[in-house]
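Here the structure is laid out as structure tokens; the discussion comes afterwards.
Residues take their numbers from the sequence shown, with the count starting at 1. Predicted model only: the values in this text are computed from it and were never measured.
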Amino acid sequence: MDGIDLVTLIIIGANVLISFKGFNDGAFFERYKFGIGAINAGQKERMLSSGFLHVDISHLLFNMLTLYFFADVVIRGFGSGKFLIIYFVSLIAGSLLALFFHKNEPHYSAVGASGAVTGILYAAILLQPGMDLYIYFIPIPIPAYVIGIGYLLYSIYGMKKRLGNIGHTAHFGGAIGGYAATLLFNPDLVFTSTLMVVLLAIPILILFVMEKTGKI
């Protein structure tokens with residue numbers, strides 16, 4: 001990587017500034033976090049603003065590091081403008097999926113850029129399916145698509161079992177947004193990377209089937 005792109009720097013800066021405002025101002029945090037009851041009452045802006053708030057510094061750091069590592073792939077593939085579109089489409093898609101799955105839970109709330117970042121990750125995998133990643137203490141490279149698919153399958157499990165204090169639905173929705181936007185911007189991928197397009201669609205199809213059959 002030759003250097004961080006200005007657009008990536010602006011997105012990271014916005015996340016840092018807004019998150020730190022939330023760390024230090026509880027009223028601000030509560031006003032702009034994702035909350036089903038408040039959104040249903042008309043505060044739709046929370047679906048966007050919540051994507052720039054984080055629970056703590058480690059939460060913020062993890063999301064921004066992930067964005068840093070994958071943003072350049074998407075920017076080189078599409079340019080800064082389309083990168084921004086994919087980022088915000090993924091953010092909103094994550095909020096929409098969370099709203100759909102938790103619509104009857106007025107006290108459900110969430111924050112974080114994870115939906116947007118997962119969308120960028122999925123876009124990067126589609127654009128560079130040959131990428132290898134290292135995770136934690138595993139000393140061998142793992143194909144990025146394996147991690148992407150595995151992560152979404154884990155998200156389905158987390159959604160079903162309500163695991164941890166994690167917005168699994170937002171992560172999944174973000175991936176769907178990134179996947180759809182990438183194919184919209186580069187439909188040739190359906191023909192040039194058919195196998196990858198199909199493989200990355202499998203978790204999405206599984207979630208759709210499980211929702212339709214009432215298993216999640």
4.5 Å side-chain heavy-atom contact, [X] and [Y]:
| X | Y | value |
| --- | --- | --- |
| Ile149 | Ile202 | no |
| Tyr157 | His168 | no |
| Ser114 | His59 | yes |
| Val111 | Tyr32 | no |
| Phe28 | Leu53 | yes |
| Thr182 | Tyr122 | no |
| Phe88 | Leu48 | yes |
| Thr66 | Phe62 | yes |

Which pair of heavy atoms, one from [X] and one from [Y], lies closest together, and at what distance?
| X | Y | result |
| --- | --- | --- |
| Ile39 | Met47 | CD1-CG, 3.7 Å |
| Arg46 | Lys33 | NH1-O, 2.9 Å |
| Ala113 | Asn15 | CB-OD1, 3.6 Å |
| Ala110 | Ser50 | O-CB, 3.9 Å |
| Tyr145 | Pro129 | CD2-O, 3.9 Å |
| Asp132 | Pro141 | CB-CB, 3.6 Å |

What distance separates [X] [atom1] from [Y] [atom2], expressed to the nearest 0.5 Å?
| X | Y | atom1 | atom2 | result |
| --- | --- | --- | --- | --- |
| Thr118 | Leu152 | OG1 | CG | 7.5 Å |
| Ile11 | Leu84 | CD1 | CG | 5.5 Å |
| Leu127 | Ile75 | CG | CD1 | 11.5 Å |
| Phe29 | His54 | CZ | NE2 | 10.0 Å |
| Tyr68 | Ile4 | OH | CD1 | 6.0 Å |
| Leu121 | Phe70 | CG | CZ | 5.0 Å |

Answer yes or no: is there a donor N or O on one side and an acceptor on the other, between the side chain of [X] and the main chain of [Y], under 3.5 Å?
| X | Y | value |
| --- | --- | --- |
| Ser19 | Val16 | no |
| Thr8 | Ala71 | no |
| Asn24 | Phe20 | yes |

Does [X] belong to the same Ile/Leu/Val/Met/Phe/Trp/Tyr cluster as [Y], with side-chain heavy atoms less than 4.5 Å apart forming each link?
| X | Y | result |
| --- | --- | --- |
| Leu65 | Tyr151 | yes |
| Ile176 | Leu205 | no |
| Leu6 | Ile86 | no |
| Val198 | Val146 | no |
| Phe100 | Met210 | yes |

Are more than 12 heavy atoms, taken from residues, nucleotides or ligands other than Lys44, located less than 6.0 Å from that residue's NZ atom?
yes
Tell me every residue that passes side chain to side chain donor-acceptor pair (under 3.5 Å) with Asn186, counting only those two or more places apart in sequence or in another chain.
none
Provide the full list of salt bridge (Lys or Arg N to Asp or Glu O under 4.0 Å) pairs with a residue in residues 75-85, sequence neighbours left out, each pair given once.
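Salt bridge (Lys or Arg N to Asp or Glu O under 4.0 Å) check on residues 75-85 returns Asp72-Arg76.
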Would you call the rings of Tyr108 and His102 parallel, tilted or perpendicular, where under 30° means parallel and over 60° means perpendicular?
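Ring orientation, 0 to 90° scale: parallel.
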